[in-house]
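Note sheet for the following structure.
In the text below, chain A, chain B and the rest are named by the order of the sequence lines, each starting its count at 1.
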2 protein chains.
Amino acid sequence: MTDATATRPSIAGEQRIDGSDLLGDVEFLVARVRAIGSGHAREALAPFGLRVRAYAVLSLACGSVSPTQRDIADFLQLDPSQVVAVIDSLEASGFVRRAQHPRDRRVNIVEATEQGLATYAEAREAVSRARDRSLGSLSAEERETLTSLLLKVAF
Amino acid sequence: MTDATATRPSIAGEQRIDGSDLLGDVEFLVARVRAIGSGHAREALAPFGLRVRAYAVLSLACGSVSPTQRDIADFLQLDPSQVVAVIDSLEASGFVRRAQHPRDRRVNIVEATEQGLATYAEAREAVSRARDRSLGSLSAEERETLTSLLLKVAF
DNA sequence: GTGAATAGTTGACAACGTCAATTAGTATCC
DNA sequence: GGATACTAATTGACGTTGTCAACTATTCAC
């Protein structure tokens, strides 16, 4: 009776699931870690009226080079139509604006407004704290290692 | 003209996006890696009539202990109603069946059929090859490290 | 200048996530 | 042993996300 599983009806003598092959499956683990992390990030961003997706776009808009919508779609691996929706909402919130490209009238450049920059600075802190919660089981060195390995896979 | 970016209209003298803070953001990287990985997995699983989600459930059903639907929901972090839908489709395909729990008639035990086991064995290989593509930039040792770090975060 | 390609936009549709309510069965507590 | 609380599975609703095709305006290439 020392086992918390005793009250739940599983099969074969109250034996728990073992995850079989999935526990060694990087893709499964990545999906699970993402679910955990984006859940925390979502909570952290809610007070700012931002979702995870919009935060990522705002982050790009706040970078040193204002991106085009196409840049954003490529970088975030989004369909261009999704970028439209996110920027519509960010623009409605007053965080970014669409500006003309100097030499190509097809192109929109997404610039952060003052308000967008200020909000991003705060949101960034909140996300950072959320990250600390998600990665609490890792040492600083492990975090570093994880980041660099993911970076290799991601690009 | 040696630069492939020269044909695409970006801002500030054809300078590319630098990703700003996102490149050091574990959550962003995880999301991106997941998108890449599940894309490959989806392609690999399509010939079997399986989606990524259904493959994960089938994997559990093919494990040493047949799970209950509740076990599956907990392990995959799904709402119980989503499990219903996935098992409905797996059952319609003849890959699993719902069996009675010996001591609790509320509970369904999800068992793989012969066909389910056979299909899983093949699908597993296909997923493994897809994984090799996704993780091609990592050495075997790095893959091992990545897996164990993700495991620490995931559970 | 004509034809091919690209940026952004709109709309449609399936898949996914979340939540509330229902039904059937089991456990608890008096 | 009977009322009460809890749990497993299911259904249905609703908003979000992912994917795709089509369209317009503009630029590029020959």
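- The interatomic distance linking B/H101 (NE2) with C/dA24 (C1') rounds to 16 Å, in whole Å.
- To the nearest angstrom, P of D/dA8 lies 14 Å from CZ of B/R103.
- Between A/L76 atom CG and D/dG18 atom P the separation is 11 Å, expressed in whole Å.
- Computed from coordinates, the B/I109 CD1 to D/dA9 C1' distance equals 14 Å when rounded to whole Å.
- The side chain to side chain donor-acceptor pair (under 3.5 Å) test applied to B/E144 returns no partner, not counting sequence neighbours.
- Here the C1' atom of nucleotide C/dG8 and the CG atom of A/N108 are 7 Å apart, to the nearest Å.
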Distance-only donor-acceptor pairs under 3.5 Å for side chains of residues 83-93 of chain B, two or more places apart:
unit_1: B/D88; atom_1: OD1; unit_2: B/R98; atom_2: NH2; d: 2.1
unit_1: B/S89; atom_1: OG; unit_2: B/V86; atom_2: O; d: 2.9
unit_1: B/E91; atom_1: OE1; unit_2: B/R98; atom_2: NE; d: 3.1
unit_1: B/E91; atom_1: OE2; unit_2: B/R98; atom_2: N; d: 3.0
unit_1: B/S93; atom_1: OG; unit_2: B/S89; atom_2: O; d: 3.0

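- For residues 134-155 of chain A, the ring-ring contact (aromatic ring centres under 6.0 Å, His included) pairs, not counting sequence neighbours, are A/F75-A/F155.
- Qualifying salt bridge (charged side-chain N to carboxylate O under 4.0 Å, His left out) partners for B/R143, counting only residues two or more places apart in sequence or in other chains: B/D132.
- Contact of the A/L22 side chain with the B/L76 side chain is registered, since non-hydrogen atoms from C-beta on lie closer than 4.5 Å.
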Query raised in the report: Once each nucleotide of nucleotides 13-18 of chain C is scored for protein heavy atoms under 4.0 Å, what B/S/- sequence comes out, 5' to 3'?
Result: --SSBB

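- Listed by chain and number, the residues in a ring pair (Phe, Tyr, Trp, His ring centres under 6.0 Å) with A/F95 amount to none (sequence neighbours excluded).
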Return all side-chain donor-acceptor pairs below 3.5 angstrom for residues 36-56 of chain B, not counting sequence neighbours, or 'none' if the list is empty.
unit_1: B/S38; atom_1: OG; unit_2: B/R34; atom_2: O; d: 3.0
unit_1: B/H40; atom_1: ND1; unit_2: B/S134; atom_2: OG; d: 2.7

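- Across its full length, the helix from C/dG1-D/dC30 to C/dC30-D/dG1 shows an angle of 30° between the axes of its 5 terminal pairs at either end, rounded to 10 degrees.
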Distances for protein N/O vs nucleotides 22-26 of chain D N/O pairs under 3.5 angstrom?
unit_1: D/dT26; atom_1: O2; unit_2: A/R106; atom_2: NH1; d: 3.3

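- Every residue two or more places apart in sequence or in another chain was checked for a side chain to side chain donor-acceptor pair (under 3.5 Å) with A/E125, and none qualifies.
- B/S81 meets the side chain to side chain contact (heavy atoms under 4.5 Å, CB included) test with B/D79; sequence neighbours excluded.
- Cluster membership check: A/L117 does not share its hydrophobic cluster with A/V96, using side-chain heavy-atom separations under 4.5 Å among Ile, Leu, Val, Met, Phe, Trp and Tyr.
- The side-chain heavy atoms of B/R131 and A/V26, taken from C-beta on, include a pair separated by under 4.5 Å.
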Check nucleotides 1-3 of chain C against the protein and report each pair of N or O atoms closer than 3.5 Å, with its distance, or say if there are none.
none

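- In this structure, OH of A/Y55 is placed 21 Å from C1' of D/dT16, rounded to the nearest angstrom.
- Residue B/D88 contributes atom CG, which lies 12 Å from atom P of D/dG12 at whole-angstrom precision.
- With hydrogens and angles ignored, the 3.5 Å screen pairs no side-chain donor or acceptor of A/T119 with any backbone N or O of A/G116.
- Distance check, rounded to the nearest 0.5 Å: OG1 of A/T68 to CG of A/D104 gives 9.5 Å.
- Rounded to an integer number of Å, the gap from B/R98 CZ to D/dA8 C1' is 12 Å.
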